[in-house]
Each structure stands twice: as structure tokens, then as C-alpha cells.
Amino acid sequence: MNTVRVRFAPSPTGYLHVGGARTALFNWLFARQHGGVFVLRIEDTDLARSTEESTQAILDSLQYLGLDWDEGPKKGGSFGPYFQSERLELYKKYANQLMEMGRAYKCYCTPEELDKKREEQIKRGEGTHYDRHCLHLSEEEKARLEEEGRIPVIRFKSLDEGVTEVDDLIRGLVRFDNVAQVDDFVIMKSDGMPTYNFAVVIDDALMQISHVIRGEDHLSNTPKQIQIYQALGFPVPKFAHIPMILGPDRALLSKRHGATSVMQFKENGYLSPAMVNYLALLGWSYDDSQTIFPIPELVEKFSLDKVSKNPAVFDIQKLDWMNGVYIRELSLDDLFTEVKPFWQKAGFIPEEVSSELKDYCLRILKELQPRMKLLSESVEAARYFFTDDFAYKPEAVAKVFSKPQTEEILRYAADAVAGAPELDEEHLKPVFQAGLEKFGVKMGDLMQPLRVAVTGTNVSPGLYEVLALLGRDRVLKRIDRTLNMLKERS
RNA sequence: GCCCCCAUCGUCUAGCGGCCCAGGACAUCGCCCUCUCACGGCGAAGACACCGGUUCAAAUCCGGUUGGGGGUACCA
């Protein structure tokens with residue numbers, strides 16, 4: 001009886017963006033916590049903008065985030081179909097029922113006529129609402145209009161008095177004046193499709209949705225929907241309107257703020273659990289100390305009454321930090337699994353990785369792990385481990401190779417490397433230190449030129465580790481190459 | 001225009017009448033570690049939008065102002 005049934009109902013008119021993902025996440029968490037059902041429904045009633053690619057992109061995005069649905073596309077369920085475009089008969093049936101009850105009527109007004117009336121209402125300082133011009137049309141008038149070729153829409157006849165209350169789980173009681181706030185809105189368009197405010201009610205009612213968790217942008221539409229529930233005698237679900245996500249300029253988060261598509265985040269190297277963790281914290285918090293929440297803990301601790309009422313600015317820097325935290329928590333093996341596609345795409349490693357190569361990768365990753373925020377960063381950071389043909393970073397050359405004695409120091413380092421039984425700190429450091437006295441310089445003045453010589457950059461993991469990974473041959477070749485370059489330059 | 005929602009450090013937030021001259025995290029700055037960069041450790045700076053009430057006592061309750069967001073479609 002009290003089964004929790006929630007749903008995520010995106011319209012396939014583009015990629016899933018982080019706002020939608022966050023809504024999906026809150027629904028999913030709520031369902032999982034209560035042992036309920038998470039339904040995925042595709043709201044594709046906008047014929048002009050809905051595409052199959054978008055549907056697929058949404059499915060892929062949810063999968064990446066690990067938000068599995070119990071009923072919906074590719075999964076089925078006993079409340080289907082789960083595409084609104086396949087539920088047209090249902091909407092028609094209930095629209096007719098409303099008309100028979102006298103709670104809906106055909107309207108022949110053209111968009112132009114309606115626009116004009118709206119403008120006048122605004123000019124007069126009134127709220128905008130349909131003037132019920134078509135409510136009292138006689139059968140003859142209707143027939144005449146249809147002969148003219150006008151195709152009617154169906155409007156809901158809203159209540160003439162009183163207020164409609166939305167008892168929101170997050171915002172508390174919100175009251176709307178029926179006359180001023182609930183228009184005789186269109187429920188069936190002239191193309192035979194239902195409008196959002198109608199279809200959402202029919203579907204949520206028929207799918208026995210118990211809690212409607214959605215963005216705050218739907219709060220103002222809720223009284224309209226509640227009137228439909230009531231007119232049709234459907235039980236009204238509980239509502240929870242979660243705050244919007246904004247960009248740094250406090251405008252609604254959109255493409256112009258940068259990446260907003262979930263798949264884009266995946267491609268940029270964000271780990272799924274980091275993404276989920278960050279999204280969960282946008283508008284929700286647990287206490288005054290914890291910020292890292294593994295998914296099972298989220299399922300356990302999430303609650304709607306800890307959801308904030310104010311809109312949240314999407315902070316990419318915090319997401320980056322969090323991604324770094326999750327990267328550092330990965331085992332090297334798991335990190336390799338995550339990094340693999342990036343390295344394959346860069347041509348560093350083949351499709352099939354030998355155990356010897358994997359071992360090498362793991363050793364590299366051990367050094368890179370504490371320095372990574374994004375998986376994608378590992379490509380540039382690891383380039384010199386996979387190719388000898390790397391470019392020297394101009395800033396590094398300018399800064400490091402401009403010092404006196406550079407070439408002598410590099411030659412000394414080459415000798416040290418050539419003579420050391422092992423390329424590690426234990427064997428190299430004493431030799432390097434001896435060099436410092438000889439040249440009258442500090443450790444950095446020796447290590448930095450050597451670093452640039454073997455990596456092409458002045459920023460890398462610990463040099464001893466890098467040298468050991470590269471091996472004697474490659475190190476000596478690279479020092480040679482650098483020396484030649486310096487000679488040619490002067 | 002009309003209606004609805006919201007208002008604590010730059011950002012996400014804790015706070016639900018006294019524990020708060022406001023706590024945490026990211027970002028920023030400084031120090032330590034140190035071969036560079038990270039990681040890690042320590043520390044600094046940084047907020048209750050404003051004005052009125054209510055109360056012995058307000059970040060917390062009420063009203064207003066201002067500001068931000070949303071809705072007002074034959075989009076969802």
C-alpha cells in the first residue's frame with residue numbers, strides 16, 4: 001500500500017544535463033532508501049524537438065552515473081508504455097472524460113488571438129489568463145469554425161474560486177489563488193498530443209507515483225496539476241520541489257557556462273562516484289562535517305528534509321577537488337581501468353595490454369595518482385613515459401636551461417646515471433650531492449635541468465622515480481638529445 | 001505586468017531562540033614537508049542583505065524593503 005514509487009521523466013530534446021541528473025539522483029536515492037521503485041519515463045510529446053539520439057544519450061548518462069531504473073525503457077514494467085508518445089489513447093480517454101464531466105472544452109482561438117489578449121491583460125496590469133471565449137460556443141458556432149478549417153485544442157476548465165494548496169515536502173504549504181493563478185490551460189494540443197501539465201498527471205496517476213521529486217521550476221505549475229488530479233478523482237501524490245542549479249553568474253545553469261552535459265563530464269575524466277557525490281551535495285547536506293559520501297552511504301543518509309531551499313551555484317573547482325579525492329582512493333588496478341580508455345585513445349597503449357605493460361602502467365599511475373584531478377590529465381602527464389618524441393615545453397626551457405653550467409651539469413648527471421648500479425634515490429643522491437659541491441649549486445639546479453631533459457617539462461613526479469621508470473638507456477638518450485639541442489641553439 | 005519560491009564567508013553549506021563576537025568543505029593567502037608539481041600537515045583572511053517589530057534574549061520568529069531565481073506557451 002505505502003510503496004514508494006518515484007520517477008524521473010526527462011524530455012529527450014537534448015543531452016542529459018547536470019540539473020536533470022541531480023533530479024534523477026534525488027529520486028533514485030529516495031527510491032533506494034525506501035526500498036521503492038524508480039521509474040524512468042520519457043516525455044516525448046514535443047514532436048518537433050524529441051529525438052531518439054537524445055533518449056539514448058539520457059540512458060547512457062544514467063548508466064554512467066549508476067542510476068538504474070526498475071521500470072522504463074529497455075526494462076519494461078507493468079505500468080507501461082514508458083514513452084508518452086505511446087500513451088496517446090490514454091490522454092485522449094481522460095481528456096474526453098473531462099469534457100463529458102464539463103471540466104474541459106474545445107477552444108478554437110488562434111495563437112495570434114491569444115497573444116493579443118495576453119498583451120492587453122499585461123497592459124492593464126492584470127495576470128494573464130484565458131478569457132473563456134470558447135467555453136460558451138454553440139454547436140453551430142463550433143461547426144462553423146471547424147468548417148473554416150480550425151482545429152481545436154482542449155482546455156481544462158479550472159476552478160472558479162478558492163485556493164489550491166501544495167503541501168511541499170521541502171517548502172511547506174504553498175497556496176495558489178484558483179482564479180488568478182490557475183488558467184484554463186490547454187491539455188490537448190491541436191496536433192493531438194497532450195501538453196506537459198496534463199500528460200504528467202495522467203502518467204503519474206496511472207503509474208501510481210507516490211512522490212513527485214522535481215525541479216523548483218515546476219512549483220508554479222503544480223496547482224494546475226492538482227486540479228486535474230482532483231477533477232479525475234486521482235489521489236494526489238506528495239510533492240518535493242528541489243532548488244535549481246545556477247551558473248557562476250547566478251543565472252540558470254546552461255551550456256553557455258561550459259560543460260553541462262553529463263556525458264561531457266565523463267569524457268573529461270570525472271569518476272562516476274565523484275560526480276554523484278558532488279551532485280548530491282548540490283542542494284543537500286548531511287551535517288556540518290562530512291562531504292565525502294560513497295554511494296551506499298548516500299542511500300542510507302539522504303533525506304528530503306535536509307534538502308536546501310535555495311538555488312545552488314555549480315562550482316566546478318569543488319567538483320575537481322572531489323574527483324581528485326576519489327582518484328586517490330582508487331586502487332592502482334582500478335585507476336588503470338579508468339585511465340585505460342584515455343591512454344588507448346592517445347595511442348600510448350594498445351587494445352590488448354600485456355601483463356608486462358600493465359605493470360609499467362601501474363608504476364606510472366602510482367606516481368601520477370596524487371597529482372591527478374581529472375583522468376584526462378593523465379594523458380599529458382604521462383606522455384613522456386610512452387614516447388621519446390616529446391616536445392620541450394618552452395617555458396621550462398627558458399626557465400631552467402638559461403642558467404650557467406647547464407650543459408656541464410647535464411653531462412655530470414649523465415655520468416652519474418651511467419655509473420649507478422640502480423636508478424634510485426639511494427644510489428643517485430650521493431653522486432648528485434657530490435656534484436653540488438663541485439658546481440657550487442643547489443639540488444634544484446641539478447635536478448631541474450635533468451627533469452626537463454628527460455620529461456620535457458619542469459613539472460613531474462619525483463625525479464628519482466621518473467628516472468627509474470624510464471630506465472638507463474632512455475635517460476641517457478634523452479640527455480644526449482638535450483645536449484645536442486642546446487648546442488644547436490647557441 | 002501578475003503570481004510563486006528563496007536570502008549565513010567568493011562558492012556549497014551547518015545552524016531550526018540562549019551552546020554562535022557563527023562551525024565545516026572548496027577556492028584564496030602564509031608556513032611546514034621538498035628536486036619541481038601535487039599529496040599531506042599547520043595557520044590566516046572571509047558571511048548572518050537591509051529596516052522595523054516580537055522576546056529577558058534573534059542568524060534563528062513576524063512584517064516590509066532590496067536582491068536573486070522560477071512560472072505566467074498548442075516547451076517540458
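The structure presented is a predicted model; accordingly, all values stated were derived computationally and were not measured.
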> Counting side-chain heavy atoms from CB outward, which of B/rC5, B/rA27, B/rG15 is closest to A/Val174?
Replying inline: B/rC5

>> What's the closest nucleotide to the side chain of A/Glu216 if the choices are B/rA38, B/rC35, B/rC5?
In response: B/rC5

>> Measuring to OP1 and OP2 of B/rG10, would you say a side-chain N or O of A/Lys318 lies under 4.0 angstrom away?
In response: no

> Among the nucleotides B/rC5, B/rA76, B/rG70, which one has an atom lying closest to any side-chain atom of A/Tyr196?
Replying inline: B/rA76

> In whole Å, what separates the P atom of B/rG41 from that of B/rA27?
Replying inline: 13 Å

>> Categorize A/Tyr286 for me: base, sugar-phosphate, or nothing, with a 4.0 angstrom heavy-atom threshold over every strand shown.
In response: nothing

>> Between the base of B/rC39 and the side chain of A/Arg328, is there a donor and acceptor pair under 3.5 angstrom?
In response: no

> Is the count of non-hydrogen atoms from other residues, nucleotides or ligands lying under 6.0 Å from A/Lys238 atom NZ greater than 12?
Replying inline: no

>> The side chain of A/Thr195 is closest to which nucleotide in this list: B/rA25, B/rA76, B/rU13?
In response: B/rA76

> If the C1' atom of B/rA47 is compared with that of B/rC3, how far apart are they to the nearest Å?
Replying inline: 31 Å

> Does A/Asn221 put a side-chain nitrogen or oxygen below 4.0 Å from OP1 or OP2 of B/rA73?
Replying inline: no

>> Work out how far the P atom of B/rC6 is from that of B/rC42, and round it to whole angstrom.
In response: 39 Å

> Which nucleotide in the list B/rC39, B/rG70, B/rC74 gets nearest to the side chain of A/Pro111?
Replying inline: B/rC74

>> Hydrogens and angles aside, do A/His257 and A/Asp249 bring a side-chain donor and acceptor to less than 3.5 Å of each other?
In response: yes

> With both distances under 3.5 angstrom, what nucleotide forms a Watson-Crick or G-U wobble pair with B/rA47?
Replying inline: none

> Near A/Tyr15 OH, under 6.0 Å, is it more than 12 heavy atoms from other residues, nucleotides or ligands?
Replying inline: no

> When we call it a touch if two heavy atoms are under 4.0 Å apart, what does A/Asn310 touch: a base, just sugar-phosphate, or nothing?
Replying inline: sugar-phosphate

>> Counting the atoms with a prime plus P, OP1 and OP2 as sugar-phosphate, which does A/Ser289 contact under 4.0 Å by heavy atoms, base, sugar-phosphate, or nothing?
In response: sugar-phosphate

>> Nearest to the A/Trp321 side chain among B/rA27, B/rU11, B/rC74, which nucleotide is it?
In response: B/rA27

>> Whether the side chain of A/Ser308 engages the backbone of A/Gly283 through a donor-acceptor N/O pair (distance < 3.5 Å, no angle test) should be reported.
In response: no

> On a whole-Å scale, what distance lies between the C1' atoms belonging to B/rC75 and B/rG70?
Replying inline: 15 Å

> When you measure from the side chain of A/Thr128, which nucleotide among B/rC35, B/rG1, B/rA14 comes out closest?
Replying inline: B/rG1

>> Between B/rU60 and B/rC16, how far apart are the two P atoms, rounded to whole Å?
In response: 13 Å

>> Taking B/rA25 as the reference, what is the distance to B/rG18 when you measure between their P atoms (whole Å, please)?
In response: 24 Å

> Checking all strands, does A/Leu319 fall into the base, sugar-phosphate, or nothing category for heavy-atom contacts under 4.0 angstrom?
Replying inline: nothing

>> Distance check, C1' atoms only: B/rG17 and B/rU54, in whole angstrom units.
In response: 11 Å

> Which is true for A/Ala180 with a 4.0 Å heavy-atom rule: it touches a base, it touches only sugar-phosphate, or it touches nothing?
Replying inline: nothing

> Counting only Watson-Crick or G-U wobble pairs whose two distances fall under 3.5 Å, which nucleotide matches B/rG52?
Replying inline: B/rC62

>> Does A/Ser11 reach a base, just sugar-phosphate, or nothing at all? Heavy atoms under 4.0 Å.
In response: sugar-phosphate

>> Could you tell me the Watson-Crick or G-U partner of B/rG17, where both distances fall under 3.5 Å? Say none if there is no partner.
In response: none

> For the residue pair A/Tyr229 and A/Phe239, does the interplanar ring angle fall in the parallel (under 30°), tilted (30 to 60°) or perpendicular (over 60°) class?
Replying inline: perpendicular

>> Would you say A/Thr482 and A/Tyr392 are linked by a side-chain donor-acceptor pair, where the criterion is simply a distance under 3.5 Å?
In response: yes

> Can you find a pair of side-chain heavy atoms, one from A/Met275 and one from A/Asn323, that are under 4.5 Å apart?
Replying inline: no

> Among the nucleotides B/rU36, B/rC6, B/rG1, which one has an atom lying closest to any side-chain atom of A/Ile122?
Replying inline: B/rG1

> Just checking A/Pro461: base, sugar-phosphate only, or nothing, at a heavy-atom cut-off of under 4.0 Å?
Replying inline: base

> Taking any strand in view, what nucleotide pairs with B/rU11 in a Watson-Crick or G-U wobble way, both distances under 3.5 Å?
Replying inline: B/rA25

>> With a 4.0 Å cutoff (strictly under), does any side-chain N or O of A/Arg118 reach OP1 or OP2 of B/rA73?
In response: yes

> With a 3.5 Å cut-off and just heavy-atom distances, do the side chain of A/Arg451 and the base of B/rC35 make a donor-acceptor pair?
Replying inline: yes

>> Tell me which nucleotide, if any, is Watson-Crick or G-U wobble paired with B/rC42 when both distances must be under 3.5 Å.
In response: B/rG30

> Base, sugar-phosphate, or nothing for A/Thr45, non-hydrogen atoms under 4.0 angstrom?
Replying inline: sugar-phosphate

> Judged by modelled atom types alone, do A/Thr128 and A/Arg118 share a side-chain donor-acceptor pair under 3.5 Å?
Replying inline: no

> Expressed in whole Å, how much space separates the C1' atoms belonging to B/rC32 and B/rC39?
Replying inline: 14 Å

> Looking at the side chain of A/Asp315, which of B/rG69, B/rU13, B/rC26 is the nearest nucleotide?
Replying inline: B/rC26

>> Quick check for you: among B/rA76, B/rG70, B/rC12, whose closest atom lies nearest to any side-chain atom of A/Asp46?
In response: B/rA76

> Between A/Arg250 and B/rC12, is there a side-chain N or O to OP1/OP2 distance below 4.0 Å?
Replying inline: yes

> Taking OP1 and OP2 of B/rC12, is either one under 4.0 Å from a side-chain nitrogen or oxygen of A/Ser285?
Replying inline: no

> Given that A/Gln317 and A/Gln121 both sit by RNA chain B, which one's nearest nucleotide is further toward the 5' end?
Replying inline: A/Gln121

> Has A/Lys106 got a side-chain N or O lying under 4.0 Å from the OP1 or OP2 atom of B/rC74?
Replying inline: no

